[in-house]
Amino acid sequence: MEGILYGIGVGPGDPELMTLKAVRLMKECDIVVLPDGGAGDGAAYQIAMQAVPSLKEKEQVFLNLPMTRDKEKLAQCRAAAAEQICTLLLQGKNLCFLTLGDPTVYSTYSYIHTLVQAKGGKAQFVPGITSFCAVAARLGEALGEAQEPIHIIPASYKGTEEYLGWQGTKVLMKTGKSMGKVKEMLSSLPVAVSMVENCGMPGERVFHSLKEIDENAGYFSILVVKDREEA
(Lines give C-alpha, C1' and ligand atoms only; values in the text may rest on other atoms or scores of the structure.)
Protein backbone atom coordinates (compact mmCIF):
# COMPACT_ATOMS: atom_id res chain seq x y z
CA MET A 1 0.00 0.00 0.00
CA GLU A 2 1.31 3.44 -0.93
CA GLY A 3 2.37 5.70 1.94
CA ILE A 4 1.27 9.23 2.77
CA LEU A 5 3.28 12.43 3.14
CA TYR A 6 2.11 14.61 6.03
CA GLY A 7 3.15 18.25 6.16
CA ILE A 8 2.99 18.86 9.89
CA GLY A 9 2.92 22.28 11.52
CA VAL A 10 4.64 22.06 14.90
CA GLY A 11 3.51 25.53 15.97
CA PRO A 12 5.55 28.64 16.74
CA GLY A 13 7.93 27.37 19.41
CA ASP A 14 6.18 26.21 22.56
CA PRO A 15 5.83 22.39 22.28
CA GLU A 16 2.63 22.56 24.35
CA LEU A 17 1.00 24.36 21.41
CA MET A 18 1.35 21.34 19.12
CA THR A 19 -1.90 19.65 18.15
CA LEU A 20 -2.85 16.16 19.28
CA LYS A 21 -3.02 15.12 15.62
CA ALA A 22 0.51 16.34 14.95
CA VAL A 23 1.83 14.40 17.95
CA ARG A 24 -0.01 11.23 16.94
CA LEU A 25 1.20 11.29 13.34
CA MET A 26 4.80 11.90 14.38
CA LYS A 27 4.61 8.89 16.68
CA GLU A 28 3.12 6.74 13.91
CA CYS A 29 5.25 7.83 10.94
CA ASP A 30 8.04 5.75 9.48
CA ILE A 31 10.33 8.56 8.35
CA VAL A 32 10.92 12.17 9.41
CA VAL A 33 11.63 14.49 6.48
CA LEU A 34 13.85 17.51 7.17
CA PRO A 35 15.01 20.16 4.69
CA ASP A 36 18.73 20.85 5.09
CA GLY A 37 18.52 24.53 4.19
CA GLY A 38 16.65 27.21 6.12
CA ALA A 39 16.57 28.85 9.51
CA GLY A 40 13.42 27.08 10.63
CA ASP A 41 14.29 23.51 9.74
CA GLY A 42 16.33 22.50 12.76
CA ALA A 43 14.04 24.54 15.02
CA ALA A 44 10.94 22.60 13.93
CA TYR A 45 12.62 19.30 14.73
CA GLN A 46 13.84 20.49 18.14
CA ILE A 47 10.34 21.71 19.05
CA ALA A 48 8.80 18.42 17.94
CA MET A 49 11.36 16.41 19.90
CA GLN A 50 10.19 18.01 23.13
CA ALA A 51 6.68 16.64 22.57
CA VAL A 52 7.65 13.40 20.83
CA PRO A 53 11.04 12.17 22.15
CA SER A 54 10.71 8.97 20.09
CA LEU A 55 11.38 11.02 16.94
CA LYS A 56 15.10 10.51 17.53
CA GLU A 57 14.56 6.78 16.88
CA LYS A 58 12.93 7.41 13.49
CA GLU A 59 14.71 7.23 10.16
CA GLN A 60 15.53 10.71 8.90
CA VAL A 61 15.67 11.88 5.30
CA PHE A 62 17.24 15.24 4.49
CA LEU A 63 16.18 17.19 1.41
CA ASN A 64 18.30 19.77 -0.39
CA LEU A 65 16.01 22.81 -0.12
CA PRO A 66 18.22 25.90 0.26
CA MET A 67 16.95 29.36 1.18
CA THR A 68 17.40 31.29 -2.03
CA ARG A 69 15.30 33.43 -4.37
CA ASP A 70 16.91 31.88 -7.43
CA LYS A 71 13.73 30.53 -9.07
CA GLU A 72 15.54 28.09 -11.34
CA LYS A 73 17.57 26.58 -8.52
CA LEU A 74 14.49 26.38 -6.29
CA ALA A 75 12.51 24.58 -9.01
CA GLN A 76 15.30 22.04 -9.52
CA CYS A 77 15.71 21.35 -5.80
CA ARG A 78 11.99 21.06 -5.17
CA ALA A 79 11.53 18.69 -8.11
CA ALA A 80 14.36 16.48 -6.86
CA ALA A 81 12.91 16.51 -3.32
CA ALA A 82 9.46 15.53 -4.59
CA GLU A 83 10.97 12.67 -6.60
CA GLN A 84 12.86 11.46 -3.53
CA ILE A 85 9.68 11.54 -1.45
CA CYS A 86 7.58 9.76 -4.08
CA THR A 87 10.12 6.93 -4.20
CA LEU A 88 9.67 6.42 -0.45
CA LEU A 89 5.88 6.65 -0.70
CA LEU A 90 5.85 3.86 -3.30
CA GLN A 91 7.68 1.72 -0.75
CA GLY A 92 4.67 2.12 1.55
CA LYS A 93 6.40 4.54 3.93
CA ASN A 94 4.48 7.24 5.80
CA LEU A 95 6.49 10.46 5.98
CA CYS A 96 6.28 13.48 8.28
CA PHE A 97 7.63 16.75 6.89
CA LEU A 98 8.06 19.07 9.89
CA THR A 99 7.61 22.81 9.56
CA LEU A 100 7.32 25.73 11.97
CA GLY A 101 3.92 27.28 12.51
CA ASP A 102 1.38 26.14 9.93
CA PRO A 103 2.38 24.41 6.68
CA THR A 104 -0.05 26.50 4.62
CA VAL A 105 1.60 29.82 5.57
CA TYR A 106 4.86 30.65 3.75
CA SER A 107 6.08 27.08 4.13
CA THR A 108 8.58 25.19 2.00
CA TYR A 109 6.33 22.18 2.43
CA SER A 110 3.51 23.69 0.37
CA TYR A 111 5.61 23.50 -2.81
CA ILE A 112 6.59 19.89 -2.14
CA HIS A 113 2.96 19.03 -1.37
CA THR A 114 1.84 20.26 -4.79
CA LEU A 115 4.65 18.50 -6.66
CA VAL A 116 4.10 15.18 -4.88
CA GLN A 117 0.39 15.26 -5.65
CA ALA A 118 1.13 16.13 -9.28
CA LYS A 119 3.20 12.94 -9.47
CA GLY A 120 0.27 10.95 -8.10
CA GLY A 121 1.53 10.72 -4.52
CA LYS A 122 -0.64 11.13 -1.44
CA ALA A 123 -0.02 14.23 0.65
CA GLN A 124 -1.91 15.98 3.44
CA PHE A 125 -1.60 19.25 5.32
CA VAL A 126 -1.70 19.00 9.12
CA PRO A 127 -2.36 22.51 10.47
CA GLY A 128 -0.48 24.09 13.34
CA ILE A 129 -0.79 27.29 15.35
CA THR A 130 0.69 30.16 13.38
CA SER A 131 3.49 32.34 14.65
CA PHE A 132 1.43 35.51 14.38
CA CYS A 133 -1.44 34.08 16.45
CA ALA A 134 1.07 33.09 19.13
CA VAL A 135 2.58 36.58 18.97
CA ALA A 136 -0.84 38.22 19.40
CA ALA A 137 -1.48 36.02 22.44
CA ARG A 138 1.93 36.93 23.87
CA LEU A 139 1.17 40.62 23.39
CA GLY A 140 -2.26 40.15 24.94
CA GLU A 141 -4.18 41.69 22.08
CA ALA A 142 -6.56 40.58 19.34
CA LEU A 143 -5.44 40.73 15.74
CA GLY A 144 -8.87 41.63 14.43
CA GLU A 145 -12.27 42.62 15.78
CA ALA A 146 -15.67 43.21 14.12
CA GLN A 147 -15.11 44.25 10.49
CA GLU A 148 -11.40 44.97 10.93
CA PRO A 149 -9.34 43.27 8.18
CA ILE A 150 -6.09 41.42 8.88
CA HIS A 151 -3.24 41.51 6.35
CA ILE A 152 -0.33 39.05 6.43
CA ILE A 153 2.65 40.66 4.69
CA PRO A 154 6.05 39.17 3.73
CA ALA A 155 7.92 42.37 4.54
CA SER A 156 11.21 41.69 2.76
CA TYR A 157 9.52 41.63 -0.65
CA LYS A 158 8.39 44.37 -3.02
CA GLY A 159 5.10 46.09 -2.29
CA THR A 160 5.51 46.38 1.48
CA GLU A 161 5.24 50.17 1.52
CA GLU A 162 1.92 50.02 -0.35
CA TYR A 163 0.56 47.26 1.89
CA LEU A 164 1.38 49.24 5.03
CA GLY A 165 -1.11 51.86 3.87
CA TRP A 166 -4.00 49.40 3.90
CA GLN A 167 -6.65 49.79 6.59
CA GLY A 168 -6.65 47.22 9.39
CA THR A 169 -4.08 45.14 11.23
CA LYS A 170 -0.86 44.39 9.38
CA VAL A 171 1.23 41.38 10.40
CA LEU A 172 4.78 41.61 9.06
CA MET A 173 6.61 38.32 8.58
CA LYS A 174 9.86 37.35 6.86
CA THR A 175 11.31 40.81 7.51
CA GLY A 176 14.88 39.55 7.74
CA LYS A 177 17.57 42.06 6.88
CA SER A 178 14.93 44.61 5.82
CA MET A 179 14.04 45.53 9.42
CA GLY A 180 15.72 48.93 9.25
CA LYS A 181 13.90 49.84 6.03
CA VAL A 182 10.59 48.60 7.44
CA LYS A 183 11.06 50.71 10.59
CA GLU A 184 11.71 53.76 8.44
CA MET A 185 8.51 53.19 6.46
CA LEU A 186 6.47 52.69 9.61
CA SER A 187 7.86 55.81 11.30
CA SER A 188 5.90 58.10 8.97
CA LEU A 189 2.56 56.34 9.49
CA PRO A 190 -0.13 56.86 12.18
CA VAL A 191 0.23 53.33 13.55
CA ALA A 192 1.06 51.48 16.76
CA VAL A 193 3.75 48.83 16.35
CA SER A 194 4.78 45.91 18.53
CA MET A 195 6.98 42.90 17.88
CA VAL A 196 7.94 39.55 19.37
CA GLU A 197 11.21 37.89 18.49
CA ASN A 198 11.57 34.11 18.99
CA CYS A 199 8.02 33.75 20.33
CA GLY A 200 7.84 30.71 22.60
CA MET A 201 11.49 29.89 21.99
CA PRO A 202 14.66 30.47 24.02
CA GLY A 203 15.70 34.10 23.74
CA GLU A 204 12.19 35.45 23.35
CA ARG A 205 12.04 39.25 23.37
CA VAL A 206 8.98 41.52 23.36
CA PHE A 207 8.98 45.06 21.96
CA HIS A 208 6.04 47.37 22.65
CA SER A 209 6.92 50.28 20.38
CA LEU A 210 8.58 50.97 17.06
CA LYS A 211 11.39 52.87 18.76
CA GLU A 212 12.27 49.84 20.93
CA ILE A 213 12.52 47.38 18.04
CA ASP A 214 16.02 46.08 17.40
CA GLU A 215 17.00 46.45 13.74
CA ASN A 216 19.24 43.40 14.16
CA ALA A 217 16.42 41.21 15.48
CA GLY A 218 16.55 37.59 14.39
CA TYR A 219 14.78 35.64 11.65
CA PHE A 220 11.84 34.65 13.88
CA SER A 221 10.50 38.17 14.42
CA ILE A 222 6.86 39.13 13.88
CA LEU A 223 5.61 42.72 13.86
CA VAL A 224 1.99 43.64 14.56
CA VAL A 225 0.96 47.01 13.13
CA LYS A 226 -2.31 48.58 14.26
CA ASP A 227 -4.00 51.72 12.96
CA ARG A 228 -4.14 54.44 15.62
CA GLU A 229 -7.63 55.63 16.45
CA GLU A 230 -8.32 59.20 15.34
CA ALA A 231 -8.82 61.68 18.15
Side-chain angles (χ1 to χ4, degrees), residues 1-67 77-138 152 173-174 198-202 219-220 222:
M1 182 180 297
E2 184 181 352
I4 301 175
L5 170 67
Y6 297 99
I8 298 179
V10 303
D14 182 348
E16 291 188 328
L17 294 179
M18 289 176 58
T19 67
L20 293 173
K21 184 172 185 178
V23 170
R24 175 179 63 80
L25 288 173
M26 284 190 284
K27 288 179 178 178
E28 296 176 355
C29 76
D30 300 301
I31 298 173
V32 180
V33 178
L34 298 167
D36 63 6
D41 305 329
Y45 179 72
Q46 293 303 319
I47 292 165
M49 278 280 291
Q50 294 176 65
V52 188
S54 61
L55 274 182
K56 63 183 179 182
E57 301 168 6
K58 304 279 186 180
E59 179 182 351
Q60 296 182 4
V61 170
F62 292 89
L63 306 176
N64 179 27
L65 295 169
M67 286 190 72
C77 290
R78 288 167 181 167
E83 186 68 35
Q84 188 176 351
I85 286 172
C86 285
T87 298
L88 294 169
L89 295 178
L90 289 173
Q91 296 173 11
K93 304 291 187 180
N94 289 326
L95 281 60
C96 287
F97 188 119
L98 306 182
T99 182
L100 282 173
D102 183 282
T104 66
V105 180
Y106 299 124
S107 167
T108 299
Y109 171 76
S110 62
Y111 301 98
I112 304 302
H113 178 95
T114 300
L115 290 171
V116 167
Q117 287 193 324
K119 291 177 176 293
K122 296 179 181 179
Q124 295 182 18
F125 285 104
V126 180
I129 292 177
T130 62
S131 57
F132 48 87
C133 286
V135 163
R138 179 66 180 83
I152 312 301
M173 303 178 64
K174 303 166 70 73
N198 298 326
C199 186
M201 301 178 183
Y219 180 80
F220 304 119
I222 306 292

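Each residue takes its place number in the sequence, starting with 1.
Applying the ring pair (Phe, Tyr, Trp, His ring centres under 6.0 Å) rule to pairs touching residues 117-137 yields Tyr109-Phe125, His113-Phe125, sequence neighbours excluded. Within the structure, salt bridge (charged side-chain N to carboxylate O under 4.0 Å, His left out) pairs that include any residue of residues 11-26 comprise Arg24-Glu28 (at least two apart or interchain). Residue pairs meeting the salt bridge (charged side-chain N to carboxylate O under 4.0 Å, His left out) criterion with at least one member in residues 78-87, sequence neighbours excluded, are Glu83-Lys119.
Taking 4.5 Å as the limit, every side-chain heavy atom of Leu95 sits out of range of all side-chain heavy atoms of Val61. At a threshold of 4.5 Å between non-hydrogen side-chain atoms, the residues Cys77 and Pro66 count as touching. Leu17 places a side-chain heavy atom less than 4.5 Å from the side chain of Pro12. Looking only at side-chain heavy atoms (C-beta outward), Leu5 and Leu88 stay at 4.5 Å or farther from each other. Side-chain contact between Val116 and Cys86 is present, with heavy atoms from C-beta onward closer than 4.5 Å. Leu89 places none of its side-chain heavy atoms less than 4.5 Å from the side chain of Lys122.
Considering only residues two or more places apart in sequence or on other chains, Ser107 meets the side chain to side chain donor-acceptor pair (under 3.5 Å) condition with Thr99. Thr104 pairs by the side chain to side chain donor-acceptor pair (under 3.5 Å) definition with Asp102, not counting sequence neighbours. Listed by chain and residue number, Tyr45 satisfy the side chain to side chain donor-acceptor pair (under 3.5 Å) test with Gln60 (two or more places apart in sequence, or in another chain). Applying the side-chain contact (heavy atoms from CB on, under 4.5 Å) criterion to Ala136, with sequence neighbours excluded, gives Leu143.
When all heavy atoms of Ala123 and Gln117 are compared, the pair lying nearest together is O-NE2, 3.3 Å. Here the closest heavy-atom approach between residue Val10 and residue Ala48 is recorded as CG1-CB, 4.2 Å. The heavy-atom pair separating Cys199 from Arg138 by the smallest distance is SG-CB, 4.2 Å.
Atom-to-atom distance recorded for Phe220:CZ and Ile222:CD1 is 9.5 Å, nearest 0.5 angstrom. With values rounded to the nearest 0.5 angstrom, Ser131 atom OG is found 8.5 Å from Leu100 atom CG. With rounding to the nearest 0.5 Å, the separation of OH in Tyr111 from CG in Leu65 is 11.5 Å.
Counting non-hydrogen atoms of neighbouring residues, nucleotides and ligands closer than 6.0 angstrom, the OH atom of Tyr106 exceeds 12 such neighbours.
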Side-chain atoms of residues 49-59: list all donor-acceptor pairs with protein atoms under 3.5 Å, sequence neighbours left out, distances to 0.1 Å.
residue	atom	partner	partner atom	Å
Gln50	NE2	Gln46	O	3.4
Lys58	NZ	Lys27	O	2.7
Lys58	NZ	Cys29	O	2.6

Please determine whether side chain to side chain contact (heavy atoms under 4.5 Å, CB included) holds for the pair Ile112 and Val33, giving the CA-CA distance in whole Å, both sets of side-chain angles, and the decisive distance to 0.1 Å. CA-CA 11 Å; Ile112 304 302; Val33 178; over 6 Å; no
